[in-house]
Protein chains: 2
Amino acid sequence: MTDDGPRPVKTTKTSLALARAVRDSGGATLSDLADRLDLAKSTVHNHLHTLVDEGFLVRDGDTYHVGLQFLPFSEHARNRNPLYSTARQRVYSLAEETGNEADFIVEENGRAYTLEYAIGESTARGLSESSPFRAGNRFHMHNCASGKAMLALLSDERVREILDRWGLPATTAHTITDEATLFDELETIRRQGYATNDEELIDGYRSIGAAVTGPDDAVVGAFSVGGPAYRLAIDDSSTREIAQLLLDEIDALESELPV
Amino acid sequence: MTDDGPRPVKTTKTSLALARAVRDSGGATLSDLADRLDLAKSTVHNHLHTLVDEGFLVRDGDTYHVGLQFLPFSEHARNRNPLYSTARQRVYSLAEETGNEADFIVEENGRAYTLEYAIGESTARGLSESSPFRAGNRFHMHNCASGKAMLALLSDERVREILDRWGLPATTAHTITDEATLFDELETIRRQGYATNDEELIDGYRSIGAAVTGPDDAVVGAFSVGGPAYRLAIDDSSTREIAQLLLDEIDALESELPV
DNA sequence: CCAGTTGTTCACGCATTTCGAACGACATGC
DNA sequence: GCATGTCGTTCGAAATGCGTGAACAACTGG
């Protein structure tokens, strides 16, 4: 719960908090939620019923689940920018070409959202079930390759704004937690045109990312390709190869777009 | 705004109504929303700020858009049932094999939600931008093939419950608007094992659908394949061919699942 | 059969939301 | 360049409407 400018609508916030709790617990009961959020059962009862009525939650016996009503909204957001749809399709070819994991990520409100994700050479359509990178996941900007690639193209001012709001939490021993170090890194990224992530998010996971910019040079999103550290050696020629692949793909995308 | 059993949380409802209005208008300004929902500007102001703070809306200049915060929820719902993920992958093969449009649909709260959609032989990954069948869209059960296929497997009681809640609105001249006619149709569907939709949803669009049932014989969802009427002649051998393809696919899916 | 759950209902009192009017910022008009 | 029209924002005041807790019903398991 961050600071919220004017008068926040507390009621809405608790409703949303409930929805979040239901999601994060993967199905919860009324009393369960009541004492998790420290609310009266009757309060929770009313909120849950409203959310069910609206379709945002589903009741199955006595446990509540996330409803499909979120889908019309998320798909709307996901396709709002026509570039998103185009970019999402490229994720699959990137995954296949490299045989690794690929995703397309977008910045919103200082956080990175995965819009599309695929694994190469594995399951049919590359839909993995339990990957930390599934579509819809949210990351901090400073500890993933795509995030850093995007930060590198934003104004220092905006970067600072983001860091102030979300901080630099560490998820591994390699996460950059120092502002100055991050700015140095961003400089390097700008120079070489792509970003790398060397186990900064997840132990044993490396990735390479590059940002996509729109006709007005504003950053729209970023692609990244990643995999287990033993397969993606940093500073290797293979890294540069993948980076080049990314950059080519992005060039093609960008030149295709400018309507 | 349907009736809501106990005491609805009005505040949450207006917040959600705002989000919906933003989505349906594809970006709206504060005052725009204020007089569309007949609320004071200051009220709208507070709601919008809370929603932005939570990430469910995004502010771009003075217009608000749907935010990506819906994504973590919808993807959660979309993958909750492991069968969903598996089924979604089949949609692509169905689309390619038939060269038509294919989708996988699920019933929730009496409405049909498209979980996955693809077009055969067209664009790379079959992601269409402006189809009425895109993932995340919501239909009534009575005027689409998948919907009818699912209704046919529900108890008469539950069917009536759904009809009571959502009615039988007509979208074309062929839509079934009479309850008795619908029940006759459901009987036919049960007999032949699949459902057809002959321009009942959209003029010039036909489709064939069949339901998927879980280990406990409960209906989980339905596949459908559809296309322009001139290509899919009803009562033709080609219809039965597609229906057979669907049923085979579903058989394979069902036998693969029962863990 | 009683002591645990569970979710549900209800009346009350206070916190919250709602409203409306006034403000500043910006653009467009004459 | 002044006036008028937007736009979003702020604030005080009023009452609506939310939150609470206790009492209820329906089940479950000891």
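Order of the sequence lines sets the chain letters (A, B, ...), proteins ahead of strands, with each chain counted from 1. All heavy atoms count here, side chains included; hydrogens, waters and symmetry mates do not.
The residue among B:Asp38 and A:Leu30 whose nearest nucleotide of DNA chain C is located toward the 5' end is A:Leu30. Along DNA chain D, the nucleotide closest to B:Arg59 and the one closest to B:Thr12 are compared, and the more 5′ of them pairs with B:Arg59.
For the pair B:Arg23 and A:Phe73, the cation-pi criterion (under 6.0 Å, within 45° of the ring axis) is fulfilled.
Between the side chain of A:Ser31 and the base of C:dG7 there is no donor-acceptor pair of N/O atoms closer than 3.5 Å. No hydrogens or angles were tested; on distance alone, nothing pairs the side chain of B:Thr29 with the base of D:dG8 as donor and acceptor under 3.5 Å. Interface remark: the A:Lys41 side chain does form a donor-acceptor pair with the C:dG7 base, using a distance-only criterion of under 3.5 Å.
Separating the CG atom of B:Leu33 from the P atom of D:dC7 is a distance of 11 Å, rounded to the nearest angstrom. Protein atom NE2 of B:His47 is 8 Å distant from nucleotide atom P of C:dT17, rounded to whole Å. What separates CG of A:Asp32 from C1' of C:dT6 is a distance of 12 Å, to the nearest Å.
Of the candidates C:dT16, C:dT18, C:dC19, the closest approach to any side-chain atom of B:Thr11 belongs to C:dT18. Here the nucleotide nearest the side chain of A:Lys10, chosen from C:dT8, C:dT16, C:dC19, is C:dT16. Comparing D:dC18, C:dT18, D:dG8 against the side chain of B:Val9 picks out D:dC18 as the nearest. Taking every side-chain heavy atom of B:Ala40 into account, C:dC19 is the closest of D:dC18, D:dT20, C:dC19. Here the side chain of B:Ser42 is nearest to one of C:dT18, C:dT8, C:dC19, namely C:dC19. Among D:dG21, D:dT9, C:dG7, the nucleotide with an atom closest to any side-chain atom of A:Asp62 is C:dG7.
Once rounded to the nearest 0.5 Å, the distance linking OG1 of A:Thr12 with NZ of A:Lys10 reads 12.0 Å.
Under a 3.5 Å cut-off, the side chain of A:Asp178 and the backbone N or O of A:Thr181 do form a donor-acceptor pair.
The aromatic rings of A:His140 and A:Trp166 stand perpendicular to each other, their planes meeting at an angle above 60°, with 30° marking the opposite boundary.
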